[in-house]
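Below is one structure, written out as structure tokens; the observations come after it.
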Amino acid sequence: MLQCLEGIGKLIDCFVQSFDIEVFKHIQGLKDPETIASETIFSVSEVEAMYELFKNISSAVIDDGLINKEEFQLALFNTNKMESLFVDRVFDLFDTKRNGLLGFEEFACALLVFHPNAPIDDKIEFSFQLYDLKQKGFIGRQEVKQMVVATLAECGMNLSDDVVGSIIDKTFEEADTKHDGKIDKDEWRSLVLRHPSLLKNMTLTYLKDIKTSFTSFVFHSEVEDT
């Protein structure tokens, strides 16, 4: 289970590594960064820096100002050939408008949950939704197995069915306190609070000051932070 959540952390790392930070020097086309900043914990400069990252990813295949799943996967794995349950699930969680495309606001809000200052409840909710593949409000054994197997495969690991089954058994033995064969939100929250390491990779420290990480993006900032 921890390996699946580690994959989320690697997601943003792959975004950062997928582009040349010297390519973009000017902010163009960003609409009202002050409004986005006012609705999040990001500053105006940080919003602008994220926008430059967004522009590069969204123009990888079709330069339309939106990120489709192919571009999303290219940013993750530098390939659009591999089917990935993990990519599908994370993309679906980012795609709050359910139109198969990510706009900038969706992108910024998705990154928000990884911010060091984001509420822990938001991190717990996101991680729960990652496993709730059927969106029924609980996590079943088969869903945990699907995510564990898929994530291990993407990491080049191939564990036997017995080992995977043992991992799932131990997870449910501890988490399923109601003994009904599923993990609901309250049980998931209790599990995570007992094992904070499950959320370790839900926090990306450099998001606390993304404008320092991507200095070139905000060199020509058009709006002053308030």
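For the numbers below, each heavy atom of this structure counts, side chains included, while hydrogens, waters and symmetry mates do not.
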cation_pi(Arg141, Phe172) dist<6.0 Å, angle<=45 =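 Relative to the ring axis of Phe172, which defines the angle, Arg141 lies inside both limits.
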Inspect the surroundings of CG in Asn158 and state if more than 12 heavy atoms from other residues, nucleotides or ligands are less than 6.0 Å away.
->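 Not more than 12 within 6.0 Å, no.
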Check whether [X] reaches the backbone of [Y] with its side chain - one donor and one acceptor, N or O, closer than 3.5 Å.
| X | Y | value |
| --- | --- | --- |
| Asp95 | Asn99 | yes |
| Gln129 | Leu93 | no |
| Asp122 | Val113 | no |
| Glu52 | Ala49 | no |
| Glu39 | Ile36 | no |
| Asp132 | Lys136 | yes |
| Ser197 | Lys200 | no |
| Ser58 | Phe54 | yes |

What are the two closest non-hydrogen atoms of [X] and [Y], and how far apart are they?
| X | Y | answer |
| --- | --- | --- |
| Phe104 | Val47 | CZ-O, 3.5 Å |
| Leu74 | Ala60 | CD1-CB, 4.5 Å |
| Arg89 | Gln135 | NH2-CG, 4.1 Å |
| Glu106 | Thr96 | OE2-N, 3.0 Å |
| Glu46 | Ile41 | OE1-O, 4.2 Å |
| Asp184 | Glu187 | OD1-N, 2.8 Å |

Under 3.5 Å, side-chain donor or acceptor atoms of residues 142-149 against the rest of the protein: list the pairs with distances, not counting sequence neighbours.
from: Glu143; atom 1: OE1; to: Gly140; atom 2: N; distance (Å): 2.6
from: Glu143; atom 1: OE2; to: Leu133; atom 2: N; distance (Å): 3.0
from: Glu143; atom 1: OE2; to: Lys134; atom 2: N; distance (Å): 2.9

Distance, nearest 0.5 Å, that separates [atom1] of [X] from [atom2] of [Y]:
| X | Y | atom1 | atom2 | answer |
| --- | --- | --- | --- | --- |
| Ile57 | Ile67 | CD1 | CD1 | 4.5 Å |
| Thr177 | Ile183 | OG1 | CD1 | 9.5 Å |
| Phe42 | Asn117 | CZ | CG | 9.5 Å |
| Lys123 | His115 | NZ | NE2 | 9.0 Å |

Ile139 with Leu198, same ILVMFWY side-chain cluster at under 4.5 Å =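 They do share one cluster, since a chain of ILVMFWY contacts under 4.5 Å joins Ile139 to Leu198.
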Same hydrophobic cluster for Leu101 and Phe107, using side-chain heavy-atom links shorter than 4.5 Å among ILVMFWY?
->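 No, it is not one cluster - the side chains of Leu101 and Phe107 are not joined through contacts under 4.5 Å.
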Steps toward side-chain contact (heavy atoms from CB on, under 4.5 Å) verdict (Leu102, Leu66) = CA-CA 6 Å; Leu102 301 181; Leu66 297 167; over 6 Å; no
Between [X] and [Y], does at least one N-O distance fall below 4.0 Å, as a salt bridge requires?
| X | Y | result |
| --- | --- | --- |
| Asp176 | Lys182 | no |
| Glu125 | Lys185 | yes |
| Asp121 | Arg189 | yes |

Verdict with supporting geometry, Ser190 and Arg194, side-chain contact (heavy atoms from CB on, under 4.5 Å) = CA-CA 6 Å; Ser190 296; Arg194 289 197 302 274; 3.6 Å; yes
Carefully, step by step, assess Lys170 and Glu173 under the rule salt bridge (Lys or Arg N to Asp or Glu O under 4.0 Å).
-> CA-CA 5 Å; Lys170 290 179 180 178; Glu173 182 179 340; over 6 Å; no
Of all residues at least two apart in sequence or in a different chain, which pass the side chain to side chain contact (heavy atoms under 4.5 Å, CB included) check with Ala110?
->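 Here the qualifying residues are Phe94.
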Partners of Phe91 by ring-ring contact (aromatic ring centres under 6.0 Å, His included), sequence neighbours excluded?
->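 In terms of ring-ring contact (aromatic ring centres under 6.0 Å, His included), with neighbours along the sequence ignored, Phe91 is linked to Phe72.
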Measure centre to centre between the rings of Phe138 and Trp188, then say whether the value is under 6.0 Å.
->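 No, too far apart.
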Does the side-chain contact (heavy atoms from CB on, under 4.5 Å) test come out yes or no for Phe114 and Thr203, once each step is laid out?
-> CA-CA 5 Å; Phe114 297 97; Thr203 296; over 6 Å; no
